[in-house]
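Values below: every heavy atom of this structure, side chains too, minus hydrogens, waters and symmetry copies. Numbers restart at 1 for each chain; the letters A, B, ... are given by sequence-line order, proteins then strands.
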2 protein chains.
Amino acid sequence: MAAQDADIFDDMRHRLITGEFGYGTKLRAEKLRQDYNCSASTVREVLFRLSTVGLVDFQEQRGFRSPYQSVERQHELTHMRILLETEGACLSIRLGGVEWESRLTAAHHKLSHIETRVRSSGDLIPLLGLWSRAEQEFHETLIDACGSGLLKRTHVVIYEQFRQQLVSAETNYGYFPENIREHQAILDAALQRNEDLMRVCVNDHLARNLTRPLPRKSYPDAFGKSSAI
Amino acid sequence: MAAQDADIFDDMRHRLITGEFGYGTKLRAEKLRQDYNCSASTVREVLFRLSTVGLVDFQEQRGFRSPYQSVERQHELTHMRILLETEGACLSIRLGGVEWESRLTAAHHKLSHIETRVRSSGDLIPLLGLWSRAEQEFHETLIDACGSGLLKRTHVVIYEQFRQQLVSAETNYGYFPENIREHQAILDAALQRNEDLMRVCVNDHLARNLTRPLPRKSYPDAFGKSSAI
DNA sequence: TTTTCTTTGATTTTCGAAATTTTGGGCGTA
DNA sequence: TACGCCCAAAATTTCGAAAATCAAAGAAAA
């Protein structure tokens, strides 16, 4: 029975990302110990490792919780995704070769196929898991040739927290036609190797998750102070 | 005897950041257990938490190590710092008020004071710890008004790993005059609320840690393919 | 000599219980 | 009723040892 710890870790991560636990729910060690038939320390260890990647909140002497959901958090995660994905995608354009292009095209094809099925059936729910993974694959491939493992790891961490925050499939489904168009636009920008266009596309695609706009750029006025805000 | 765990965590973090353990050194649980007079599980837990913030590498079944040093790693950390600090600083310019300006000025003053002392004594070593902390304080204040806790937390994580990688105080000292000038330039850009200038200043300040330039922007040529590389 | 297998010692992982700390309720007092 | 205090239950943290796994050295085979 190898790597029991790793199995529990993966399973817990899946349960957390799919939102099985409510937001802010306390993760009781005893309960999980029974779920996995292991000791309390093992559970504790796994939860620590999950807090490593932001999927679990840890507070000294008061245990572990599934993170709270808030507009702030969603906002910050989106902002970070925009920052990392635009940078990663532009670097990929600079550094990636035909091999990267082909992998991105493949990922888009798979995603596109699922999106078409969803649109024709009119129901996202049964394909939600499939679609979710395909979208993640597409976005990860987008930045895959950026040349920085650190950037990619950081992005995964943010992406999974982002995914965890999305509750209702319905909300998401409302934007499905836009989604399809935007993914296509991103692919096109990549194949055209147009960085400025890429920035715009990624921004447009992600900014939909913002309930209020990101702060606009300010320009110094006569006094050298900000004129915005 | 409250919060023993937290104390061990802080102490270990300090030891790691100051480079007490060599790069890639195995962190033996037994040794640390004796250092802190605690049990193996406590050590294990602390090491897990330190791997949370990238100060320790963890590999299943083969324990914990102080991270290896490599040009790649230094490069990636620098790149990430540039990305996060330029974004954070520009957002602070947009969102921060006079209160932020004054805190940044204060942090700069403290740092500047130490730097002057270093330059007049001609020896960085005795003030290294002090200077190190003052520089961190300055850089953290720079992005402090950015409005995103996530961005700030991510920055700390990157910054500490970056600090851990810097070995020789000598190498650093070679650039001391530049450092002083650059910190001043960053402060000026902040007070002028000039975002474009800020980007340039932060870039110049950090890019010195790169042994080779970051990939330059590519422009689509007639075939829509990259012309750089 | 080189390769592969096996044994042994060291390290990591897991366990269940004891010690510590927090949480929540009940009680008395203002 | 509101407030503070104390106690009991529940949860978290720490412990030391047992179980599982890995790594190095030596023996056997090619």
Original post:
Which pairs pass salt bridge (charged side-chain N to carboxylate O under 4.0 Å, His left out) with one or both residues in residues 145-159 of chain A, sequence neighbours excluded?
Top reply: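 Salt bridge (charged side-chain N to carboxylate O under 4.0 Å, His left out) check on residues 145-159 of chain A returns A/Asp144-A/Lys152.
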
Original post:
Would one find a side-chain N or O of B/Ser41 under 4.0 angstrom from OP1 or OP2 of C/dT14?
Top reply: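 Answer no for this pair, as no side-chain N or O of B/Ser41 is under 4.0 Å from OP1 or OP2.
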
Original post:
Who passes ring pair (Phe, Tyr, Trp, His ring centres under 6.0 Å) against A/His139, sequence neighbours left out?
Top reply: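 In terms of ring pair (Phe, Tyr, Trp, His ring centres under 6.0 Å), with neighbours along the sequence ignored, A/His139 is linked to A/His183, A/His205.
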
Original post:
What is the distance from NZ of A/Lys31 to P of D/dT12, rounded to the nearest Å?
Top reply: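 In whole Å, D/dT12 P lies 14 Å from A/Lys31 NZ.
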
**OP:** Could you check how far OH of A/Tyr36 sits from P of C/dT14, rounded to whole Å?
**Re:**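 Roughly 14 Å, once rounded to whole Å.
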
Original post:
Under the salt bridge (charged side-chain N to carboxylate O under 4.0 Å, His left out) test, which residues partner A/Glu137, sequence neighbours left out?
Top reply: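 If we apply the salt bridge (charged side-chain N to carboxylate O under 4.0 Å, His left out) test to A/Glu137, skipping adjacent residues, there are no hits.
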
Original post:
Under the salt bridge (charged side-chain N to carboxylate O under 4.0 Å, His left out) test, which residues partner A/Glu45, sequence neighbours left out?
Top reply: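 With sequence neighbours excluded, A/Glu45 shows a salt bridge (charged side-chain N to carboxylate O under 4.0 Å, His left out) to B/Arg44, given in chain and number order.
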
**OP:** Any pair with a residue in residues 37-58 of chain B that passes ring-ring contact (aromatic ring centres under 6.0 Å, His included), sequence neighbours left out, goes on the list, sorted by first then second residue, please.
**Re:**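 Checked against ring-ring contact (aromatic ring centres under 6.0 Å, His included) - neighbours excluded - the pairs reaching residues 37-58 of chain B are B/Phe48-B/Phe58, B/Phe48-B/Phe64, B/Phe58-B/Phe64.
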
Set out, line by line, the N/O atom pairs under 3.5 Å between protein and nucleotides 8-13 of chain C.
unit_1, atom_1, unit_2, atom_2, d
C/dT11, OP1, B/Arg28, NH1, 3.4
C/dT12, OP1, B/Lys26, NZ, 2.6
C/dT13, OP1, B/Gln61, N, 2.5
C/dT13, OP2, B/Arg44, NH1, 2.3
C/dT13, OP2, B/Arg44, NH2, 3.2
C/dT13, O5', B/Arg44, NH2, 3.3

